[in-house]
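Shown next, in structure tokens, is the structure this report addresses.
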Amino acid sequence: MIGRVVQFVLCALVLVSGAALEEVLPRVFGVGVPVLLMSVAFLSVRWTGPSALAFAVVAGAVEDALSALPPMTSVSYFLAVALLLSRLGSAWFVPAVAYAGYQVWLSVWVVRIGGDVFGRVLLAGPIGLVTAYAVDRALTWLSGKAVADERG
């Protein structure tokens with residue numbers, strides 16, 4: 001089990017690196033790489049209680065700030081994903097569905113979103129799957145290192 005301090009450092013590292021990756025990686029027809037959303041999906045399955053929900057709120061706030069979205073747009077969706085995945089668990093198709101749902105959510109709340117919603121949803125599936133796999137591998141490795149370092 002990861003200690004609270006190590007868990008906080010891991011969350012801070014994931015937020016900063018995820019935000020940087022989302023800004024640096026190219027967008028495919030307006031659809032970006034959902035590193036923060038997939039981090040929320042990963043951590044909400046593995047952590048229980050308020051830790052996962054707090055991470056979802058902070059990650060959503062970072063996403064809103066980076067994307068210049070209206071406040072609480074991403075926060076509300078990330079929190080819903082965290083609640084759902086913490087109760088149901090996860091399969092590999094869930095992040096792709098979550099990212100496709102996020103595209104629909106954005107089209108409802110943001111008028112100026114670019115591109116066709118149907119095209120964005122179709123692109124969100126494969127991009128979400130690839131990102132989910134990469135985030136899963138990276139965070140599994142990173143949390144394993146954190147536990148090994150904490151034990152000494």
Side-chain angles (χ1 to χ4, degrees), residues 2 6-86 88-110 112-115 117 119-147 149:
I2 297 177
V6 175
Q7 190 177 27
F8 177 78
V9 171
L10 178 67
C11 287
L13 181 65
V14 168
L15 286 171
V16 170
S17 60
L21 282 172
E22 284 190 5
E23 287 299 311
V24 171
L25 294 173
R27 297 183 179 276
V28 180
F29 299 112
V31 178
V33 179
V35 177
L36 292 175
L37 178 59
M38 295 306 130
S39 300
V40 168
F42 176 85
L43 294 175
S44 63
V45 170
R46 283 149 183 85
W47 293 348
T48 57
S51 298
L53 299 179
F55 181 78
V57 169
V58 173
V62 169
E63 181 73 33
D64 287 340
L66 284 176
S67 303
L69 292 170
M72 299 300 289
T73 303
S74 297
V75 172
S76 57
Y77 191 80
F78 284 20
L79 191 57
V81 166
L83 285 170
L84 185 68
L85 289 178
S86 66
L88 300 177
S90 178
W92 278 105
F93 67 89
V94 172
V97 172
Y99 192 46
Y102 184 60
Q103 296 302 317
V104 173
W105 182 258
L106 288 177
S107 70
V108 168
W109 295 106
V110 180
R112 69 189 190 304
I113 196 158
V117 176
R120 292 176 65 91
V121 168
L122 285 179
L123 283 172
I127 292 173
L129 278 174
V130 170
T131 307
Y133 180 76
V135 167
D136 181 61
R137 296 290 94 209
L139 291 181
T140 299
W141 177 81
L142 189 61
S143 62
K145 293 293 183 185
V147 170
D149 287 343

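Trp109 places none of its side-chain heavy atoms less than 4.5 Å from the side chain of Leu69. For the pair Leu53 and Val57, the minimum side-chain heavy-atom distance is 4.5 Å or more. Proximity of Phe42 to Thr140: side-chain heavy atoms (C-beta onward) are separated by under 4.5 Å at one or more points. Side-chain contact check for Leu21 versus Val33: every heavy-atom pair is 4.5 Å or farther apart. No side-chain heavy atom of Pro126 sits less than 4.5 Å from a side-chain heavy atom of Val130.
Closest non-hydrogen pair, Ile127 versus Gly32, comes out as CG2-O, 3.6 Å. Taking every heavy atom of both residues into account, Leu15 and Ala59 meet most closely at CD2-CA, 3.6 Å. Across Ala52 and Leu43, no two heavy atoms sit closer than the pair CB-O, 4.1 Å. The two residues Val81 and Ser44 have their closest heavy-atom pair at O-OG, 4.5 Å. Nearest approach of Val117 to Ser107, heavy atoms of both residues: CG2-CB, 3.5 Å.
With rounding to the nearest 0.5 angstrom, the CZ atom of Phe55 is 5.0 Å from the OG atom of Ser39. Annotation: the span from Glu22 atom CD to Leu36 atom CG amounts to 4.0 Å, rounded to 0.5 Å. In this structure, CZ on Arg46 lies 13.0 Å from OG on Ser86, to the nearest 0.5 angstrom. Interatomic distance, CG of Leu139 versus CG of Leu13, reported as 9.0 Å (0.5 Å rounding). Rounded to the nearest 0.5 Å, atoms OG1 (Thr131) and CG (Leu37) are 9.5 Å apart. Between the CD atom of Gln103 and the CG atom of Leu122 there is a distance of 11.0 Å, given to the nearest 0.5 Å.
Centroid-to-centroid, the aromatic rings of Phe78 and Tyr102 come within less than 6.0 Å.
Defined by atom type and a distance below 3.5 Å, a donor-acceptor pair is present between the side-chain atoms of Asp64 and Ser74.
Of the possible polar contacts, none joining the Tyr99 side chain to the Leu123 backbone as a donor-acceptor pair under 3.5 Å is found.
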